Amino acid sequence: MFTFSPFRLLSEEQEEVKGKRKTLVVILMGPPGSGKTTFCNDVMSSARRCWVRICQDTIANGKAGAKSQCLKSAADALKDGKSVFIDRCNLERDQRADFLRLGGAQADVHAVVLDLPARLCISRSVNRTGHEGNLQGGKAAAVVNRMLQKKELPQLSEGFSRITFCQNENDVKNAVKIYSALDLSDTLPSGVFGQRSKDAKVQLGIMKFLKKVEIPENETSGKCNVIDDNTCQDSIPRQETCGKDLCSMELEMENKDKKGSDSLEKSSVGDLSSNDVHTLAFPSISTADFQFDHEKASDIIVESVADFLRKVDNVRLVLVDLSHKSNILSLVRAKAAERNIDSKKFFTFVGDITQLYTKRGLRCNVIANAANWRLKPGGGGVNAAIFKAAGKSLEIATKERIETLSPGNSVAVPLPSTSPLYKFEGVTHVIHVLGPNMNPQRPNYLKNNYVKGCMVLRDAYSSLFEHFASISKSCLQREGSGDSRYNLSDPQSNLMEGTTSEQFPQSDQKIKREDPYDFERNKRSKGILTESSSKDKYNMQHGDHGFAESGINSDAPKSDDESRKTAVATKRTWGSWAQALYENAMHPEKHKNAVMEISNEYVVLNDRYPKAKKHILVLSRLHGLDCLADVQKEHLPLMKQLHAVGVQWAERFLSEDASLVFRLGYHSVPSMRQLHLHVISQDFDSTHLKNKKHWNSFNTAFFRDSTDAIEEIDKYGAAKINDEKLLTMELRCHRCRSAHPNIPKLKSHVANCKFSFPSHLLHNGRLVSASSKTVSEKP
DNA sequence: GTTCTAGAAC
DNA sequence: GTTCTAGAAC
């Protein structure tokens with residue numbers, strides 16, 4: 001790879017142009033997260049000439065502005081003799097053409113291409129908060145990938161006098177050094193610097209996207225189902241730096257082939273070149289510490305794999321073990337060959353399952369873990385290695401999803417984007433699997449009962465593969481809709497309802513600090529509570545109680561200003577459009593068409609704009625009880641009654657359609673007057689669910705589960721009210737918690753997501769389903 | 001060009 | 001709560 005040499009600054013070529021005092025227009029190019037702003041700041045902090053950074057995200061008094069404003073500012077700066085950085089993505093030729101016209105007699109135009117791995121950019125974008133471009137969360141992956149697909153590399157013919165490509169952090173550092181060192185009389189040599197290959201007309205990432213870097217089909221076939229140290233070690237360059245694009249390795253491999261050295265085993269090239277395919281890497285379950293018979297286990301693996309591959313297309317399964325002497329790998333390899341299992345769809349692989357990509361070039365977006373029943377780290381072997389490699393965040397994400405696992409089962413856990421396994425290995429999910437145990441020293445010992453043992457092992461693989469298929473399916477759908485393949489399920493989840501501060505203390509508080517609630521923003525003067533409201537009473541009574549403070553709940557300590565606002569606030573007023581439910585409650589006889597059930601205390605009616613297949617309201621008829629914040633201990637019997645009626649209706653719906661799952665609860669701050677309990681099916685399959693507010697009002701802590709509200713009122717005399725700011729949170733699937741850039745994409749994901757509900761919803765009767773009996777026992 | 005969001009009006 | 005719509009995002 002090209003390395004920069006600052007000493008070229010003093011070349012003869014430069015001497016010639018010294019004294020012309022040309023200013024510079026440096027057009028940065030790179031997707032969000034590639035480090036454009038950092039590059040500018042790094043240069044400017046130690047620059048020897050005067051630079052101005054033009055950023056479209058902040059050009060309009062700190063806010064995003066138009067391209068024309070950028071052009072004007074740049075022209076002005078150049079007139080003043082300053083050099084400018086154009087800090088915007090500029091990935092397409094058209095986008096940067098206008099900026100190129102800034103060049104001329106007085107100014108040279110350079111390009112600095114921050115061509116870093118897409119995953120790194122996505123990971124940075126996802127992680128950052130408060131960025132000028134406001135590109136965070138699940139949106140980032142989609143945007144980065146879409147931008148990269150359209151990327152057109154700069155060419156000198158566009159009018160650049162110099163183009164510098166940076167493909168890793170070191171390249172960036174060198175480029176910063178060069179531009180920092182430039183004083184007003186220096187110029188840099190013209191030409192293209194740092195490009196990977198002189199012949200590369202199209203950048204490799206694009207080539208990979210266009211599937212141009214492929215090994216001919218006939219070279220990929222073969223019976224050999226193994227890639228191990230013998231075939232692979234020398235042929236695949238070991239990567240010292242993480243996140244290197246696979247295509248570069250492929251090219252290097254290809255080049256080696258051309259040179260006639262280090263020729264590759266055909267099978268390994270074939271398998272590795274299809275790294276785009278969704279791949280599950282899994283260890284042999286139960287054959288190590290659980291001492292399951294290898295012959296029987298290998299039979300089951302091969303049968304399970306064959307069954308699965310018959311049903312599911314476009315995926316790859318890889319059985320991994322650490323040593324090429326592995327007995328189970330040999331057995332499976334032989335049996336897979338006997339059964340003529342396609343070696344492109346299933347093969348064995350020797351390597352560390354936690355470093356398949358960085359060390360071996362094999363990208364596996366999902367890996368399986370041979371877990372223990374407590375789903376705890378440690379214990380040695382694969383389990384210890386995976387938990388160690390994934391970091392604490394896997395432990396947390398796992399515990400949040402499920403407490404324990406029984407033999408024959410598995411659980412898929414989306415990896416938080418902060419996990420090194422996610423960042424460097426590209427692993428988006430870990431599926432924990434528990435197999436049968438034949439070791440008397442371990443729990444659930446089966447005493448050599450291989451009838452049961454084989455059954456359990458089959459179940460384990462079948463469960464594992466089903467989870468993998470489900471992940472793959474939802475991912476492919478997103479890819480089909482133009483979304484990112486790396487954003488299989490952005491697992492960064494920090495603000496789900498029920499998420500406690502113990503679980504995500506830092507992330508929650510960080511969000512609170514960095515994005516204080518803009519009280520003035522909501523000009524429509526929403527519900528403001530009186531100083532003696534239930535909400536404040538709750539806070540006064542339970543400020544230091546064991547309840548989780550989510551960090552964005554409204555009962556966080558108030559600033560003086562906020563306290564003043566609360567103190568002077570008056571009882572909420574309701575707009576005319578917010579009176580409809582009140583009318584229904586007071587005069588149900590006038591609304592016979594809408595009303596499904598009437599009693600003295602309540603009215604049941606269909607939500608006029610249902611946000612799911614089934615969505616009804618159980619409306620209190622008590623005058624003066626407008627919302628959850630008004631509820632006090634004296635209303636406890638009423639609350640229980642509303643809940644019981646809601647459950648009855650849910651059960652009625654379940655008798656018609658047992659596939660539904662219901663949740664019952666209140667909006668923290670309702671839009672309509674008159675206390676009403678939502679009974680809503682969890683499919684959210686409705687054309688009326690149209691925006692972020694709709695989604696988040698049912699799928700963040702803004703939605704207060706009826707059972708929790710009742711419990712809190714019983715214990716503390718008031719239910720907790722959570723902040724309306726939750727309604728603006730990023731969109732996350734209520735099942736697998738993946739983030740989605742917009743409502744249509746979220747809805748198409750939700751329509752197919754088969755993940756089990758997060759564990760906190762499975763408790764305290766929060767969900768009512770055909771199989772749950774718990775809820776009817778509740779209040 | 002189309003899709004999507006978010007603010008204002010009701 | 002919804003509808004409408006400008007303009008941002010794609």
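Given the structure is predicted, the values throughout are model-derived calculations rather than measurements. Numbers restart at 1 for each chain; the letters A, B, ... are given by sequence-line order, proteins then strands. Basis for what follows: all heavy atoms, side chains included, without hydrogens, waters or symmetry-related copies.
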Remember a base hit wins even if backbone is also touched, and classify H667(A) as base, sugar-phosphate or nothing at under 4.0 Å, heavy atoms.
sugar-phosphate
K690(A) vs dT3(C): side-chain N/O to OP1/OP2 distance below 4.0 Å
yes
Distance in angstrom units between L619(A) CG and dG1(C) C1', rounded
14 Å
NA contact type, I743(A), heavy-atom cut-off 4.0 Å: base, sugar-phosphate, or nothing?
sugar-phosphate
Please give, in whole Å, the distance from dG7(C) C1' to N742(A) CG?
17 Å
Given atom CD1 of I680(A) and atom P of dG1(C), what is their separation to the nearest angstrom?
10 Å
note: H740(A), atom NE2; dT5(B), atom C1'; distance rounded to Å ~ 18 Å
Is there ring stacking between Y609(A) and dG1(C), where the centres must be under 5.5 angstrom apart and the planes under 30 degrees?
no
Dump the intermediate steps for side-chain hydrogen bond (donor to acceptor under 3.5 Å, both in side chains) on T707(A) and D705(A), then the final yes or no.
CA-CA 5 Å; T707(A) 52; D705(A) 289 282; 5.5 Å; no
Whole-Å distance separating the CG atom of N691(A) from the C1' atom of dA9(C):
17 Å
Which of these nucleotides, dT5(B), dT3(C), dG1(C), is closest to any side-chain atom of W577(A)?
dG1(C)
Below 30° counts as parallel, above 60° as perpendicular, anything between as tilted: where do the rings of Y609(A) and H688(A) land?
perpendicular
Are the side chain of Q674(A) and the backbone N or O of S620(A) linked by a donor-acceptor pair below 3.5 Å?
yes
Determine the interplanar angle of the F703(A) and H678(A) rings, folded into 0 to 90°, and report it as parallel if under 30°, tilted if 30 to 60°, perpendicular if over 60°.
tilted
Nearest to the K692(A) side chain among dG1(C), dA6(B), dT5(B), which nucleotide is it?
dA6(B)
Between L677(A) and Y666(A), is there a side-chain heavy-atom distance shorter than 4.5 Å?
yes
For dT2(C), does either OP1 or OP2 sit under 4.0 Å from a side-chain N or O belonging to K611(A)?
yes
Quick one: is H694(A) getting a side-chain N or O under 4.0 Å of the dT2(C) phosphate, OP1 or OP2?
yes
What is the distance from CG of L731(A) to P of dT5(B), rounded to the nearest Å?
7 Å
